[in-house]
Protein chains: 2
Amino acid sequence: MTGGTNQQGTARPRRADARRNEQAVIDAAARLFVASGIEVPVRDIAAAAGVGMGTLYRRFPTRADLVVAVYRHQVEACAEAGPALLAQSATPRDALIAWANLFVDFLVTKHGLAAALQDRDGYEALHTSFVDRLVPVCQQLLDAANSSGTGAPQVDAYELMRGIGNLCIGAGSDPRYNARHLVTLLISGVFAPQQNS
Amino acid sequence: MTGGTNQQGTARPRRADARRNEQAVIDAAARLFVASGIEVPVRDIAAAAGVGMGTLYRRFPTRADLVVAVYRHQVEACAEAGPALLAQSATPRDALIAWANLFVDFLVTKHGLAAALQDRDGYEALHTSFVDRLVPVCQQLLDAANSSGTGAPQVDAYELMRGIGNLCIGAGSDPRYNARHLVTLLISGVFAPQQNS
DNA sequence: TTGTTAAGCGGAGCAATGTTCCGTATGTTG
DNA sequence: CAACATACGGAACATTGCTCCGCTTAACAA
């Protein structure tokens, strides 16, 4: 989707310096996100990448675009782990819990990412990227649980994913707060018998 | 705690204009928080209250101080509702769910409050204010459940409160996300039999 | 009432950061 | 190597948090 050729295959590829700079920005951003969180000033990212503000903004108009680029691979890996866990787990429910823990561990180690994911103003692209890739995987796990007769739940996959993401906010900076624990409890609740909205 | 006399009862009370201005700021902030969320620019609050920046900052050095002042009464009401619900509910568990729903409804209607509550940098005072008042109430409800033999849980009251608060983030701006629903599921999980961290 | 004093006021000004704009430089092609 | 579109860079502007200090005025006493 970011590549150089279009669907005709005939268009001129992007200039070499442009491609080089794009990668430099992603690398610099990845480093700074780890060091200072994803809210690190745009200036600092540009400086670390050795490019000007214009270059950075041309390629990544919003911060969300940059965050998406930096974490694309890890989101993909998480998505692919879903079916794998389903295949190798004793029950769909175990698979769901294991998969959720994977997602939690990912979010918790990225300072500020979980919060950005819920920010309706300014991170739509990020939200969409995660939702598009991960909600179907979650749905698949829920469907499997449904078919396995474990007494499956009336939770929307989207709602559950957002809940899990929310529970990760602020984890990692508070020893009294354990996101994995709460996510496990939430999923237990999803599989518990009674309901009342 | 905001009043004019100290423990000696002899100190000069605050000047009348100072008290007037403090109330004007709180009123203006309350209005603007509803209209624009709690991240509304300080300048706007000062302007709406008809005071200068210096006046506002002297009384409320951080935004958290202002938020605490604005919502103090509602937090207090929520805290007092805990024992009341415990007395009038069929089971401690029902009381806990009802109380949590009360808290959720409060947070969800205050744009940005739930997010600020988890913001470790910049809102410590807010976090502390809520935690100090509400965690003991939550603990009381959990203890009651514990004593009632419903098979009570190993959740810290603090952790549960933070989880509930987190689940409220971003609710109210997304019809596909229902915070009450997820909180109910979380509490169901808290009362479910098995555990694994 | 009036003078004295300290509490309080207001907003200009500084700093940090997001975002745009455009003159200049350079990769690419023929 | 010439010509041109692509891409670059960073100055400049806008917004917002926060501080600082000269001026105003409420409170009190004579």
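Everything numeric here is computed off the predicted structure, so don't read it as measured data. In what follows, every chain begins at residue 1, and chains take the letters A, B, ... in the order their sequences are listed.
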### Query
Would you say a side-chain N or O of B:Thr55 is under 4.0 Å from OP1 or OP2 of C:dG8?
no

### Message
Classify the ring geometry of B:Phe103 against B:Phe106: parallel below 30°, tilted from 30° to 60°, perpendicular beyond 60°.
### Response
tilted

### Task
Measure from the side-chain heavy atoms of B:Ala16 and tell me the nearest of D:dA26, C:dT29, D:dT19.
D:dA26

### Query
Would you call A:Asp174-B:Arg162 a salt bridge at under 4.0 Å N-O?
yes

### Message
Side-chain N or O of A:Arg59 versus OP1/OP2 of D:dC8: is the shortest distance under 4.0 Å?
### Response
yes

### Task
Quickly work out the A:Leu66 CG to C:dT17 P distance and round it to whole Å.
17 Å

#### Entry: Value in whole Å for how far the P atom of D:dC20 lies from CG of B:Leu56
17 Å

### Check: C:dG8 base within 3.5 Å donor-acceptor of B:Arg58 side chain
no

### Task
Would you indicate which nucleotide in D:dG9, D:dA11, D:dT16 comes nearest to any side-chain atom of A:Met53?
D:dA11

### Rounded distance (Å) that lies between atom P of D:dG17 and atom CD of B:Glu39
9 Å

#### Entry: Ion pair check, B:Arg59 and B:Asp65, cut-off under 4.0 Å
no

### Task
Specify the separation, in whole Å, of atom CZ of A:Phe60 and atom C1' of C:dT20.
18 Å

### Query
Hey, does the side-chain of B:Arg43 have a donor or acceptor N/O within less than 3.5 Å of a partner on the base of C:dG13?
yes

### Task
In plain terms, say whether B:Arg133 and B:Glu76 are close enough for a salt bridge, that is, a side-chain N and a carboxylate O under 4.0 Å apart.
yes

### Query
D:dA27 base to B:Arg15 side chain: any donor-acceptor pair below 3.5 Å?
no

### Message
Expressed as a whole number of angstroms, how long is the span from B:Leu32:CG to D:dT16:C1'?
### Response
15 Å

### Query
What closest approach, in Å, do B:Val42 and B:Arg63 show between heavy atoms, and which atom pair accounts for it?
CG2-NH2, 3.6 Å

### Task
Respond yes when some side-chain nitrogen or oxygen of B:Asn21 is under 4.0 Å from OP1 or OP2 of C:dC9, and no when none is.
yes

### Summary
5'-most contact on DNA chain D (nearest-nucleotide basis), B:Asp17 vs B:Val42, goes to B:Val42

### Message
I need the OH-C1' distance between B:Tyr57 and C:dA15, as an integer number of Å.
### Response
12 Å

### Query
How long is the line joining CG of A:Asp44 and C1' of C:dT17, in whole Å?
10 Å

### Query
Of A:Pro61 and B:Gly52, whose closest DNA chain C nucleotide lies nearer the 5' terminus?
B:Gly52

### Query
Rounding to a whole Å, what distance do you find between B:Arg20:CZ and D:dA26:C1'?
9 Å

